[in-house]
S.K.: 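One structure follows; several queries about it will come next.
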Amino acid sequence: MQVKKQSTFKFFLWPTLSLVLVVGAVIFTQAIFNANYYSNFYVSGESMLPTLKGDPNDADYGKYDGHKSALRNVKRFQIVTTHYPSERGLKEEEKTIKIKRLLFKPGDTFEVSYVKNDKGEYVNEMHLFLPSGDYRILDYPFDSSSIVGDHSYPKTTLSSTQFFVAGDNWNNSLDSFDESVGPLEFSDLVGVVTKVEGRCKVVNKQITDKKPYDVKIFNGVDY
């Protein structure tokens, strides 16, 4: 009887140990992948208001995906982290990360026009041109009621590697609208924001006093 018990024990032990090893390997591999491709960020400044808050005492924080596949498959209106053209000659540790929204993708022909709407109010319309030559008016993916003044941008066609980004706070954001920045190259992109996890206090560029809340996910659209 004792021999049978030992055999039964061994029969269940090895499959169990194998399963534990496989699960452990998967978790370890996932941890390595996340460490290499997912990075934390916090928001600094007002350029992404009202979507993201950058007050040092109450700043949004979250994660972005820096994997090349995420960058290649980024969708219109997703929020991205990026470097700017003026930093291309710097070492990685000398560059600063900006958080902006991707408005126009490689190959897009677009313009931003300052026009009078049906209510007699002047607004900034984003026009995405179709192959037929007509255009569609893009809806803002955020609350644009605070945008004031003329932010028109001439009709432009992006190359196969260019992106046009802007902060949601068009009144106070240095981005592709500005001649000193202009359209970005694929190599300027750093990551795609996957989620905003909460708010935090930032002291000496270090996150402290995290206050989590329901995760915000920023999805884009394919067109």
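Side chains are part of it too, since the values below use all heavy atoms of this structure and drop only hydrogens, waters and symmetry mates.
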S.K.: Would you mind reporting whether His151 and Tyr114 have side-chain heavy atoms less than 4.5 Å apart?
M.R.: no
S.K.: Using side-chain heavy atoms (C-beta onward) and a distance below 4.5 Å, is Ile217 in contact with Val196?
M.R.: no
S.K.: Relative to Phe129, does Arg136 satisfy both conditions: NZ or CZ under 6.0 angstrom from the six-membered ring centre, and within 45 degrees of the ring's axis?
M.R.: no
S.K.: Determine whether more than 12 heavy atoms belonging to other residues, nucleotides or ligands lie under 6.0 Å from atom CD of Glu179.
M.R.: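 For Glu179, atom CD is not crowded (no more than 12 foreign heavy atoms under 6.0 Å).
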S.K.: How long is the straight-line distance from CD1 of Ile99 back to CZ of Arg101, given to the nearest 0.5 Å?
M.R.: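 Between atom CZ of Arg101 and atom CD1 of Ile99 there are 12.0 Å.
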S.K.: Let's go through Phe177 and Phe164 carefully: what are the C-alpha distance in whole Å and the side-chain angles of both, what is the deciding distance for ring-ring contact (aromatic ring centres under 6.0 Å, His included) to 0.1 Å, and is it a yes or a no?
M.R.: CA-CA 8 Å; Phe177 277 102; Phe164 190 96; 5.1 Å; yes
S.K.: Hey, are Asp60 and Arg199 close enough for a salt bridge, meaning a charged N less than 4.0 Å from a carboxylate O?
M.R.: yes
S.K.: Is the shortest side-chain heavy-atom distance between Pro106 and Thr161 below 4.5 Å?
M.R.: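 With C-beta onward as the side chain, the pair stays apart.
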S.K.: Can you measure from CG (Leu158) to OG1 (Thr109) and round to the nearest 0.5 angstrom?
M.R.: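 Leu158 atom CG to Thr109 atom OG1 measures 7.5 Å (nearest 0.5 Å).
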S.K.: Inspect the contact between Glu197 and Lys195 and indicate whether a charged nitrogen and a carboxylate oxygen are less than 4.0 angstrom apart.
M.R.: yes
S.K.: Do Lys98 and Tyr84 form a cation-pi contact, if we require the NZ or CZ to be under 6.0 Å from the six-membered ring centre and within 45 degrees of the ring's axis?
M.R.: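 Yes.
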S.K.: Are any non-hydrogen side-chain atoms of Phe218 and Thr194 less than 4.5 angstrom apart?
M.R.: no
S.K.: Just checking, is any N or O donor in the side chain of Glu87 or Thr96 under 3.5 Å from an acceptor N or O on the other one?
M.R.: yes
S.K.: Quick check: Tyr153 with Phe110 (ring centres under 6.0 Å apart)?
M.R.: yes
S.K.: So do Asp108 and Phe163 actually touch side chain to side chain, heavy atoms under 4.5 Å?
M.R.: no
S.K.: Has Lys201 got more than 12 heavy atoms of other residues, nucleotides or ligands less than 6.0 Å from its NZ?
M.R.: no
S.K.: Answer with yes or no whether the side chains of Glu46 and Asn169 bring together a donor and an acceptor at under 3.5 Å.
M.R.: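 Note: Asn169 and Glu46 side chains miss the donor-acceptor criterion.
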S.K.: Looking at Arg76 and Asp222, is any side-chain nitrogen of the basic one under 4.0 Å from a carboxylate oxygen of the acidic one?
M.R.: no
S.K.: With the threshold set at 4.0 Å, does a side-chain nitrogen-carboxylate oxygen contact exist between Glu92 and Lys95?
M.R.: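 Yes, this pair counts.
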S.K.: Should Asp168 and Trp170 count as side-chain neighbours, where that means a heavy-atom distance under 4.5 Å?
M.R.: no
S.K.: Pair Thr82, Ile97 - check side chain to side chain contact (heavy atoms under 4.5 Å, CB included), show working.
M.R.: CA-CA 6 Å; Thr82 182; Ile97 290 180; over 6 Å; no
